[in-house]
Amino acid sequence: MQTKLERYAAKYGEAFMNELPDIIRTYCLANDLRVPTKKRPSNLHIIRVIAEATSEVLGIPIENIYSKSRLRPLVIARSIIADIAYSEFLFTYKNIAIELNRDHATIIHNLVTHVQDSRSTPQLKFLRTQVLHITRQNLQTSNHPYTSD
């Protein structure tokens, strides 16, 4: 259920966040309340670049990441991809699900479990950072647009 604060943030966007007192801004950040932005990624190929970087860092063949297998290392790889695509590049659940051949509810579940796993296993945060760094390098060298104009 959406709180009044979340509805207000969705309605008024960044201007709302800039005018918040520090206590409320800290609450929003601590509870991972995203402020909607108008810019959305236009190129689903970016998710493929994230998957390739994840494959490189984790040493898992990319075909296995896109497979239907539920092996734990593959689920972790997919959750890293979903987290970076959602948090850093602002893809929707639907777009991530389309690229990974999953349902959008599975992506939501992956994001929730990724947060829990990151708290219990600090190495996941390090791996995610490596994947994000490699992804940004690859996108800068290949001149892909990050967002739509």
Side-chain angles (χ1 to χ4, degrees), residues 1-3 5-6 9-10 13-14 16-18 20 22 24-149:
M1 177 170 276
Q2 200 176 34
T3 65
L5 182 63
E6 291 171 327
E14 282 187 47
F16 168 72
M17 287 300 283
N18 293 336
L20 285 178
D22 290 335
I24 298 173
R25 188 178 302 115
T26 304
Y27 170 82
C28 290
L29 293 174
N31 290 299
D32 197 28
L33 296 179
R34 278 190 349 147
V35 176
T37 61
K38 292 183 180 176
K39 291 190 173 186
R40 288 281 180 206
S42 62
N43 191 349
L44 290 179
H45 178 70
I46 295 173
I47 298 174
R48 181 69 179 195
V49 174
I50 299 168
E52 290 168 356
T54 305
S55 173
E56 181 181 329
V57 169
L58 298 180
I60 298 172
I62 197 154
E63 306 84 39
N64 292 354
I65 292 174
Y66 281 91
S67 72
K68 296 288 183 186
S69 176
R70 294 182 182 178
L71 292 175
R72 185 71 178 145
L74 300 177
V75 172
I76 289 172
R78 290 183 207 116
S79 68
I80 290 172
I81 294 166
D83 183 52
I84 292 173
Y86 181 76
S87 301
E88 303 293 332
F89 294 97
L90 305 177
F91 279 99
T92 61
Y93 299 130
K94 181 181 177 181
N95 289 339
I96 299 167
I98 289 169
E99 180 62 29
L100 294 178
N101 298 323
R102 299 287 184 278
D103 186 56
H104 76 281
T106 304
I107 301 303
I108 295 170
H109 179 72
N110 279 351
L111 292 172
V112 170
T113 57
H114 178 72
V115 170
Q116 294 169 349
D117 291 343
S118 294
R119 288 182 185 150
S120 63
T121 313
Q123 295 87 353
L124 283 181
K125 288 182 183 178
F126 178 71
L127 292 173
R128 182 196 182 280
T129 304
Q130 284 184 313
V131 170
L132 180 59
H133 179 70
I134 291 172
T135 300
R136 286 186 174 153
Q137 280 182 335
N138 292 345
L139 289 172
Q140 287 174 352
T141 57
S142 61
N143 297 323
H144 288 294
Y146 278 80
T147 57
S148 60
D149 293 328

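Being a predicted model, the structure only gives us computed values, none of them experimental.
Thr121 meets the side chain to side chain contact (heavy atoms under 4.5 Å, CB included) test with Gln123, Leu124; sequence neighbours excluded. Scored by the side chain to side chain contact (heavy atoms under 4.5 Å, CB included) test, Glu63 finds Pro61 as partners (sequence neighbours excluded).
Under the 4.5 Å side-chain criterion, counting only non-hydrogen atoms from C-beta, Leu132 is in contact with Glu88. Using a 4.5 Å cut-off on side-chain heavy atoms (C-beta onward), Val49 and Phe89 make no contact. Residues Asn110 and Tyr93 have side chains not in contact (no heavy-atom distance under 4.5 Å, counting atoms from C-beta outward). For the pair Val112 and Gln116, the minimum side-chain heavy-atom distance is below 4.5 Å.
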Verdict with supporting geometry, Thr92 and Asn95, side chain to side chain donor-acceptor pair (under 3.5 Å): CA-CA 5 Å; Thr92 61; Asn95 289 339; 3.3 Å; yes

Evaluate the criterion side-chain contact (heavy atoms from CB on, under 4.5 Å) for residue pair Ile62 and Arg48; output intermediate values, then yes/no. CA-CA 9 Å; Ile62 197 154; Arg48 181 69 179 195; 4.0 Å; yes

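Thr113 contributes atom OG1, which lies 12.0 Å from atom CD1 of Ile108 (distance to the nearest 0.5 angstrom). The CD1 atom of Ile134 sits 11.5 Å away from the CD atom of Glu52 when rounded to the nearest 0.5 Å. Atom CD1 of Ile84 and atom CZ of Arg136 lie 9.0 Å apart (nearest 0.5 Å). To the nearest 0.5 Å, atom CG of residue Asn138 and atom CD1 of residue Ile46 are 12.0 Å apart. Note: His114 NE2 to Ile80 CD1 = 6.0 Å, rounded to the nearest 0.5 Å.
A side-chain donor-acceptor contact under 3.5 Å links Asp83 and Ser87.
When all heavy atoms of Ile60 and Pro73 are compared, the closest pair comes out as CD1-O, 3.7 Å. Phe91 and Asn43 make their closest contact through CZ-O, 3.4 Å (heavy atoms, listed as atom of the first residue, atom of the second, distance). Minimum heavy-atom separation, Leu100 to Ile107: CD1-CD1, 4.1 Å. Among all heavy-atom pairs drawn from Ile96 and Ala82, the shortest one is CD1-O, 3.7 Å.
Looking only at distances, a side-chain donor or acceptor of Arg78 sits under 3.5 Å from a matching main-chain atom of Ile65. A donor-acceptor pair under 3.5 Å is formed between the side chain of Thr54 and the backbone N or O of Ile50. Not one N or O on the side chain of Ser79 forms a donor-acceptor pair closer than 3.5 Å with the backbone of Leu111.
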